[in-house]
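Here's the structure, in structure tokens; my notes come after.
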Amino acid sequence: MVQLISSLPYKSMSQVRVRFAPSPTGFFHIGSARTALFNWLYARHTGGKFILRIEDTDQARNSEEFLRLIYDSLSWLGMDWDEGPNADGVGERGDCGPYRQSQRADIYQQYLQQLLGAGRAYEKDGAIWFRMLGERYQVYDDHRKKEVEKVKAAPVLIDDRIRGKVERAEDEDFVIFRSDGNPVFHFVNVVDDITMKISHIIRGEDHLSNTSKHVRLYEGFGVTPPVFAHIPLILKSPEMGQGKMSKRDKGALIEEYRQRYFLPEAIVNYLSLLGWNPGAGDDREKLAIAEIVKLFDLPAVNQSNAKFDGKKLAHMNMLYLLELPADRFLAQAREYFQKQATGATVLANEAYFREIMLLAHPKIKGLEELSTYTAYFFSEEFLIDAKVKEKVMAKGAPKTRLAELTAVVPAMDFSTDATVEEAIKQLATEKALGFGDYQAVARLAVTGTNAGPSITSIFRVLGKERVIARLQRFLAEA
RNA sequence: GCCCUCAUCGUCUAGCGGCUAGGACAGUAGAUUCUCAUUCUAUAAACCGGGGUUCGAUUCCCCGUGAGGGCACCA
């Protein structure tokens with residue numbers, strides 16, 4: 001088929017322009033983040049532009065709060081956009097605006113007039129329909145339980161960068177403006193992508209079936225369609241159920257991970273591996289973002305859907321947490337405790353706080369564990385884990401060991417871990433026992449648990465007075 | 001019902017005609033550090049089924065089956 005139009009607005013531009021076009025009608029979820037990420041990666045990989053467009057035509061479901069969440073989530077994950085609304089919600093940048101569909105009504109009118117003028121659109125039942133080209137016939141539709149008008153036409157051929165060649169029949173007129181005067185998704189999507197000079201449309205596979213409509217619209221406007229790349233969907237993990245992941249699923253929201261103090265770079269790394277990998281014998285999974293940008297390309301994207309695995313995300317998060325520089329860890333920990341009920345107490349003494357956080361850093365698997373992991377450092381009202389107690393008290397003669405230890409603590413040198421360790425070892429040697437015979441019960445008495453930093457560090461940081469008080473209290477109660 | 005896409009360990013995946021089918025998470029068993037976590041070692045675990053093509057198919061083709069998506073005056 002020969003196209004009439006010669007003025008292809010971006011034909012001469014070789015620059016890649018991709019967009020992420022969310023609608024602010026709900027929480028920002030993993031699937032959206034991954035779609036945004038693949039677009040962002042492609043833009044950064046090719047040196048192109050990443051454009052943020054807000055599809056806020058659904059006035060009933062839109063909210064400023066959700067709009068804000070889009071900006072915040074993208075920024076938090078480190079996906080900066082070259083064009084679109086500013087992150088603070090004030091103004092926008094780029095030459096192809098406005099970037100919010102709610103402000104583009106006149107553009108849609110203009111493009112509608114073009115279709116009307118060319119005879120490719122008509123009014124029926126108060127709505128405006130896009131006219132397909134070809135011979136018409138009536139047929140009964142089982143699904144919709146009614147007679148519908150079909151059009152004989154060659155199928156649309158989509159040359160997808162990820163799927164290959166996909167053929168699909170598009171054989172019905174469809175609504176482009178509702179009877180309430182608002183344009184529908186397919187129409188605004190295509191018009192925006194034309195006017196924003198989008199070169200590659202990278203989106204979820206759920207849009208693959210819509211693409212034939214979009215191609216016909218491009219043709220209707222006399223514009224060569226951009227390159228399409230339909231990425232696999234993220235499905236629910238087996239515990240979540242069946243089907244594609246939606247914002248209602250537990251563990252599906254970016255906000256949830258943010259509130260749990262996951263590290264954004266870990267989330268981005270995990271997401272990048274859902275449907276993509278460096279390939280060709282490259283087994284690496286933990287990849288710096290710069291490395292991913294360097295390696296990412298569309299043909300390497302998988303074609304099959306992937307199930308979300310929260311455990312693997314948590315593992316990735318731990319890897320990033322472990323190698324976080326001390327100052328960044330402390331900053332994160334500070335931010336975390338500012339939101340906790342115990343925050344004021346915990347943050348009261350900077351040096352003490354710092355010391356404990358650095359003890360906890362190599363031991364925890366996620367920042368969210370920080371509060372319970374360090375609770376006994378900040379309060380004398382810590383809980384004694386009943387199960388641990390049962391286990392510890394069942395072995396050997398823990399009460400005797402504790403009494404022996406309590407007797408020598410007042411004379412101990414608490415200045416360093418080494419001096420504490422030496423003193424306990426000396427006691428053990430005198431009694432012909434091991435360090436472990438004192439360690440377990442001392443830990444239980446002083447922290448109420450069996451998990452934590454070395455007992456020597458705990459003693460030193462808590463200080464002699466508190467250690468003695470705790471040991472005596474435990475002895476009295478046990 | 002019609003249309004589209006996909007198919008390797010439980011999960012994410014490598015593989016692009018010839019491999020002992022590799023890695024990671026989760027699992028199991030050990031080792032190590034005073035506990036815990038980390039770490040390390042070992043172990044178990046997969047080519048959906050049936051036809052072709054080929055000297056040879058996990059790999060290419062077809063048919064099933066299964067999984068997912070789309071069929072709106074939602075986006």
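To find a chain, count down the sequence lines: A is the first, B the second, and so on, and within it residues start at 1.
- The base-pairing partner of B:rU54, taking Watson-Crick or G-U wobble contacts with both distances under 3.5 Å, does not exist among the strands shown.
- Using a 4.0 Å heavy-atom cutoff across all strands shown, A:Phe187 reaches no nucleic acid atom at all.
- Between B:rU5 and B:rA44, the two C1' atoms lie 34 Å apart (nearest whole Å).
- Between A:Trp276 and A:Phe296, a ring centre-to-centre spacing shorter than 6.0 Å is recorded.
- Residue A:Gln303 places at least one side-chain N or O under 4.0 Å from the OP1 or OP2 atom of B:rC6.
- When heavy atoms are screened at a 4.0 angstrom cut-off, A:Gly434 is found touching no nucleic acid atom at all.
- Between the C1' atoms of B:rA45 and B:rA21, the separation comes to 13 Å (whole Å).
- The closest side-chain donor-acceptor pair between A:Ser102 and A:Asp56 falls under 3.5 angstrom.
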Between the protein and nucleotides 62-68 of chain B, list every N/O to N/O distance that falls short of 3.5 Å.
| from | atom 1 | to | atom 2 | distance (Å) |
| --- | --- | --- | --- | --- |
| B:rG68 | OP1 | A:Gln242 | OE1 | 3.3 |
| B:rG68 | OP1 | A:Gly243 | N | 3.2 |
| B:rG68 | O2' | A:Asn305 | ND2 | 3.0 |

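- When the P atom is compared between B:rA7 and B:rC63, the two are found 16 Å apart, to the nearest whole Å.
- Less than 6.0 angstrom separates the ring centroid of A:Phe308 from the ring centroid of A:Tyr270.
- The phosphate of B:rU11 (OP1 or OP2) has no side-chain N or O of A:Lys311 nearer than 4.0 angstrom.
- B:rU59: no Watson-Crick or G-U partner with both key distances under 3.5 Å is found in any strand.
- Judged by closest nucleotide on RNA chain B, A:Ala169 is the one of A:Ala169 and A:Asp282 placed further toward the 5' end.
- You'll find the ring centres of A:Phe353 and A:Phe378 outside the 6.0 Å limit.
- Backbone-only engagement by A:Leu322 is indicated by non-hydrogen atom pairs under 4.0 Å involving sugar-phosphate atoms exclusively.
- Of the candidates B:rG23, B:rU39, B:rU35, B:rU39 carries the atom nearest the A:Met318 side chain, counting heavy atoms from C-beta on.
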Polar-atom pairs under 3.5 Å, protein N or O versus N or O of nucleotides 71-75 of chain B: list them with distances, or write none.
| from | atom 1 | to | atom 2 | distance (Å) |
| --- | --- | --- | --- | --- |
| B:rA72 | OP2 | A:Arg144 | NE | 3.3 |
| B:rC73 | O2 | A:Ser179 | N | 2.6 |
| B:rC73 | O2 | A:Ser179 | OG | 2.6 |
| B:rC73 | N3 | A:Ser179 | OG | 3.0 |
| B:rC73 | N4 | A:Asp125 | O | 2.9 |
| B:rC74 | OP2 | A:Arg178 | NE | 3.0 |
| B:rC74 | OP2 | A:Arg178 | NH1 | 2.3 |
| B:rC74 | O2' | A:Asp58 | OD2 | 3.4 |
| B:rA75 | OP1 | A:Arg178 | NH1 | 3.2 |
| B:rA75 | OP1 | A:Arg178 | NH2 | 2.8 |
| B:rA75 | OP2 | A:Arg178 | NH1 | 3.2 |
| B:rA75 | OP2 | A:Phe185 | N | 3.3 |
| B:rA75 | O2' | A:Ser23 | OG | 3.3 |
| B:rA75 | N6 | A:Asn210 | OD1 | 3.4 |

Between protein and nucleotides 31-34 of chain B, what N or O pairs are separated by less than 3.5 Å?
| from | atom 1 | to | atom 2 | distance (Å) |
| --- | --- | --- | --- | --- |
| B:rC34 | O2' | A:Gln439 | NE2 | 2.4 |
| B:rC34 | N3 | A:Ile455 | N | 3.2 |
| B:rC34 | N4 | A:Ser454 | OG | 2.9 |

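- Mapping A:Asn302 and A:Lys312 onto RNA chain B via the closest heavy atom, the residue that lands nearer the 5' end is A:Asn302.
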